[in-house]
Amino acid sequence: MSQISLTFPDGNARDYDKGITPAEVAESISKSLSKKAISATVNGAHWDLQWPIEDDATVAIHTMQDDEQALELIRHDLAHVMARAVQEIWPDVKVTIGPVRDNGWFYDFDRAEPFTPEDLGAIEAKMKDIINARDAVKTEVWGRDEAIEYYESRGESFKVELVNRIPEGENIRMYWHGDWQDLCRGPHLQHTGQLPADAFKLTHVAGAYWLGDSDRPMLQRIYGVAFKNRKDLKAWETMMEEAAKRDHRKLGREMDLFHMQEEAPGQIFWHPNGWKIYTTLQDYMRRQQERDGYVEVNTPQVVNRKLWEASGHWDNYQENMFIVEVDEDHAREKTVNALKPMNCPCHVQVFNQGLKSYRDLPLRMAEFGSCNRYEPSGALHGIMRVRGFTQDDAHIFCEESHIESETKKFIEFLAAIYADLGFHDWSIKLSTRPEKRIGTEESWDHAEESLGNACKAAGYDYEIQEGEGAFYGPKLEFVLTDAIGREWQCGTLQVDPNLPERLDANFVGQDGAKHRPVMLHRAVLGSFERFIGILIESHAGKLPFWLAPRQVVVTTIISEADGYADEVVAALKAAGVRAEADTRNEKINYKVREHSLAKVPVILAVGAREVEEKTVSVRRLGEKQTAVMSLDDIVAELKDAALAPDLK
RNA sequence: GCUGCUGUAGCUCAGAGGUAGAGCACUCCCUUGGUAAGGGAGAGGUCGAGAGUUCAAUUCUCUCCAGCAGCACCA
């Protein structure tokens, strides 16, 4: 038998028989390692302990100390254990796929009856039995026909399809957890006893399409989460509770920001408090855009379908547009309009008025564009995904040669705004040409290169999303991370040579001939509605002072201080601070509690002493201590704090 | 749109085949109290909408609407 040389992480190499498995390697090193081993990394690939090694390789044996591999295996093996538990309880259920995802896994099942929350408990209990049984995991490579015959004989039609989808030349790997069998890529643990019986939880059931295709049958997906130990599971539960506390729908009600109701699904009734956030943010954005060389326009809401046909939206998005039919007197046919789902075609109309010269480019045309899209009912989510929204939209009409410099300028613009808004952790994704596309390879090369170069020139790295671009051009997506680590795609920049072509936009070049401009669609916040939702959740409602809708409440301790409270409020208002007095006949405890819950950043209390000394007792949100300050000092401080970051 | 679940007072929720209840919020009264709920009284509901079963429906059935969790979608 021929020998192979295995190199270990410490640099030492040893010769072994060809075809040796990591399990045997571990055994050769030490008894305890062989017991603790969970998997290996062989030449960079995550490797099952049972898979043979055929050539010289670098080998690292993993134990539960290696978080990345341990979690991957725990979650993956639990997916199998759950599927086994389900089939042991309900033998007629068909199994499909069960990958690792986020903090756990899911597994999709085909079963006529829906799973109930009580079922989840029963499955969990059965899973614990399987873990306690410490059943060995075994694996074999099978031939395609053999595997298909096996699954057909068991009526596992979804597995048959999966086997058929495995590309030629790839191993068809069969796994057993005890007697229970599944088709699986692996790797897996040595035995189910290596799983933590107290660190997983089945979270919920939901429908999911087979292979993610809405034309295919809907299966039942059971989600689970799993960690290395109970402590980590608890931490996850705490984190989920924290996220629930931050839910913008809950905070929106508690802070009296907005409401939504049945008669206008997917649309927002902004209350005075919420609208204050909105307008403050919009005023800020308007100042930024003016400073950065944009011109602001405003365009119609209801536009004849002819324009949408010309732009191509009618063909692609008719289903998602609000159609408005107008039956004009004496008209043979109704006029068909659509509420605008986006602003770009209208912006091209503005561009097309009058002759444009190359000297006019780049032309940066901005609009706080109110759009309406008939989003599928299941997509709606609070103010984050709505049917009526306003984008901080702009289109930069430019020449191809401007793409790079305009993109760099935009990235710097966006970076400054995110920083002002308190988001310092964000990243860029570059989506490149998809399979179905229009335009020449040269123009794609140029556009993709321009976007990449612009990122580098602005000093940012980017991640490439192969084939994720729009059919007409590549795009950048800007993803920010919020205070509890969740990611939100907000900003975007898309290169579009198509729409100017379709809507016949042109400019007179230096050569006196007509040329086609390129459009860059771009947004920083995305939509105000969604962005405000993100702000609320990221700050848990405790917005930065300048954005807080109610900045100061002056509470009285005794009614004799009412007049002074009004004086304090007047002084704050004169300084541009949003202040109100609370002179209700309630105790200070009561008032402090109420305004704290409403997330008012500063509570000023005034009683006999304050009236006497012309001071206020200052209590800041989130702090227990209070401090006495002179009226002049607090007004000066809050006057500054109330200014938007760009006005300081 | 699809699967499952939910819809009772402003909010959070309980309830039962015989037309409803709690806490908080609200109004009034007492209380002037020093930093996260002082006390008392009162008012408040076509039980999401429509149809069906029934002597009787808010409760059971069906349809619709909306919401929630996923999936699909997101120009």
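By convention in this document, chain letters (A, B, ...) are assigned in the order of the sequence lines, proteins followed by strands, and residues within each chain are numbered from 1.
- If you take CD of Gln220(A) and C1' of C2(B), they are 13 Å apart, rounded to a whole angstrom.
- Under 4.0 Å is where a charged nitrogen must lie from a carboxylate oxygen, and between Arg550(A) and Asp256(A) no such pair does.
- Side chains of Asn343(A) and Gln391(A): a donor on one and an acceptor on the other come within 3.5 Å.
- Between Arg516(A) and Glu400(A) there is no salt bridge, since none of the side-chain N atoms of the basic residue sits less than 4.0 Å from a carboxylate O of the acidic one.
- Distance Asn316(A) CG to A75(B) P: 11 Å, rounded to the nearest Å.
- The distance between atom CG of Asp315(A) and atom P of A75(B), rounded to the nearest whole Å, is 17 Å.
- Protein atom CD1 of Ile558(A) is 18 Å distant from nucleotide atom C1' of G38(B), rounded to whole Å.
- Between the side chains of Tyr278(A) and Thr390(A), at least one donor-acceptor pair of N or O atoms lies under 3.5 Å.
- For Trp426(A) and Glu487(A), the side-chain atoms include no donor-acceptor pair closer than 3.5 Å.
- Arg101(A) forms no cation-pi arrangement with Phe106(A), by the criterion of a distance under 6.0 Å to the ring centre and an angle within 45° of the ring axis.
- Checked for salt-bridge contact, Glu309(A) and Arg305(A) meet the test: a charged N lies under 4.0 Å from a carboxylate O.
- For A72(B) and G1(B), the C1' atoms lie 8 Å apart once the distance is rounded to whole Å.
- Proximity of residues 104-123 of chain A to RNA chain B (heavy atom under 4.0 angstrom from any strand atom) is restricted to Pro114(A).
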Output field dot_bracket for RNA chain B (Watson-Crick or G-U, both distances under 3.5 Å, | for other-strand pairs) contains (((((((..((((....[..)))).(((((.......))))).....(((((..]....))))))))))))....
Polar pairs (N or O, both sides) under 3.5 Å between protein and nucleotides 7-13 of chain B?
residue : atom : partner   : partner atom : Å
C11(B)  : O3'  : Arg253(A) : NE           : 3.4
U12(B)  : OP1  : Arg253(A) : NH2          : 3.0

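- Residue contacts for Ile603(A): at a heavy-atom cut-off of 4.0 Å it reaches no nucleic acid atom on any strand shown.
- Here Glu254(A) does not pair with Arg249(A) in a salt bridge; the nearest charged N to carboxylate O distance is not below 4.0 Å.
- A donor-acceptor pair shorter than 3.5 Å can be found between the side chains of Gln465(A) and Ser431(A).
- For C55(B) and G70(B), the C1' atoms lie 45 Å apart once the distance is rounded to whole Å.
- Taking atom CD of Glu586(A) as the reference point, atom C1' of G34(B) lies 15 Å away to the nearest angstrom.
- OP1 or OP2 of A25(B) has not a single side-chain nitrogen or oxygen of Arg584(A) nearer than 4.0 Å.
- Ion pairing between a basic and an acidic side chain is recognised when a charged N comes within 4.0 Å of a carboxylate O; Asp393(A) and Arg522(A) show no such pairing.
- Residue Ala608(A) is classed as a base contact, given a heavy-atom separation below 4.0 Å to a base.
- Listed in residue order, the members of residues 299-309 of chain A having a heavy atom less than 4.0 Å from RNA chain B come to none.
- Taking the C1' atom of each, U6(B) and G48(B) are spaced 11 Å apart, rounded to whole Å.
- Neither OP1 nor OP2 of G67(B) sits under 4.0 Å from any side-chain N or O of His381(A).
- A heavy atom lying under 4.0 Å from RNA chain B marks the following residues of residues 201-217 of chain A, by number: His204(A), Ala206(A), Gly207(A), Ala208(A), Tyr209(A), Gly212(A), Ser214(A).
- Taking atom C1' on both nucleotides, G45(B) is separated from G10(B) by 12 Å, rounded to a whole Å.
- Listed pair Arg619(A) / A36(B) meets the phosphate criterion, a side-chain N or O lying under 4.0 Å from OP1 or OP2.
- Contact check on Glu435(A) versus Arg437(A) returns no salt bridge, with no Lys/Arg side-chain nitrogen under 4.0 Å from an Asp/Glu carboxylate oxygen.
- Side-chain polar atoms of His347(A) and Gln349(A) form no donor-acceptor pair below 3.5 angstrom.
- Between Arg101(A) and C71(B), a side-chain N or O to OP1/OP2 separation shorter than 4.0 Å is present.
- Of the candidate nucleotides U32(B), A36(B), C2(B), A36(B) has the atom lying nearest to any side-chain atom of Leu597(A).
- A donor and an acceptor atom sit less than 3.5 Å apart, one in the side chain of Arg385(A) and one in the base of C73(B).
- At the heavy-atom level, Asn589(A) lies under 4.0 Å from the strands shown only through sugar-phosphate atoms.
- Nucleic acid contact class of Pro265(A) (heavy atoms, under 4.0 Å, all strands): sugar-phosphate only.
- With a 4.5 Å cut-off on side-chain heavy atoms, Phe109(A) and Thr96(A) do not count as touching.
- Using a 4.0 Å cut-off between charged side-chain N and carboxylate O, Arg486(A) and Glu537(A) make a salt bridge.
- Across the C1' atoms, G44(B) and C11(B) are found 14 Å apart, a figure rounded to whole Å.
- Nearest-nucleotide mapping onto RNA chain B: of Leu219(A) and Ser596(A), the residue sitting toward the 5' end is Leu219(A).
- For the P atoms, the distance linking A36(B) with C30(B) amounts to 27 Å, nearest Å.
- Judged purely by distance below 3.5 Å, without hydrogens or angles, the side chains of Asp482(A) and Trp488(A) pair a donor atom with an acceptor atom.
- U8(B) and G67(B) have their P atoms separated by 14 Å, with the value rounded to a whole Å.
- For Glu263(A) against G48(B), a side-chain-to-base donor-acceptor contact under 3.5 Å is absent.
- Side-chain atoms of Pro376(A) lie closest to G1(B) of the nucleotides G1(B), G38(B), G34(B).
- The C1' atoms of C47(B) and U58(B) are separated by 4 Å, rounded to the nearest whole Å.
- Taking atom CG on Asn372(A) and atom P on C74(B), their separation rounds to 19 Å, with Å as the unit.
- In this structure, Arg249(A) reaches the sugar-phosphate backbone alone: every heavy-atom distance under 4.0 Å involves primed, P, OP1 or OP2 atoms, never a base.
- Judged by distance alone, the side chains of Gln494(A) and Tyr472(A) do bring a donor and an acceptor atom under 3.5 Å apart.
- Taking 4.0 angstrom as the limit, Tyr590(A) places a side-chain polar atom (N or O) nearer than this to OP1 or OP2 of A25(B).
- Summarising the geometry, the separation between CD on Glu612(A) and P on G34(B) is reported as 18 Å, rounded to the nearest angstrom.
- Using a 4.5 Å heavy-atom threshold, the side chains of Pro549(A) and Leu543(A) count as touching.
- Between the Arg619(A) side chain and the Leu604(A) main chain, no donor and acceptor come within less than 3.5 Å of each other.
- Toward the 5' end of RNA chain B, the nearer of the two residues Arg221(A) and Val628(A), judged by each one's closest nucleotide, is Val628(A).
- Evaluation of the salt bridge (charged side-chain N to carboxylate O under 4.0 Å, His left out) test over residues 363-391 of chain A, restricted to residues two or more places apart or in two chains, returns Lys340(A)-Glu367(A), Arg364(A)-Glu406(A), Glu375(A)-Arg385(A).
- At the heavy-atom level, Gly382(A) lies under 4.0 Å from the strands shown only through sugar-phosphate atoms.
- For the side chain to side chain contact (heavy atoms under 4.5 Å, CB included) with Cys490(A), the lone residue among Ile534(A), Leu525(A), Val524(A), Leu414(A) that qualifies is Ile534(A).
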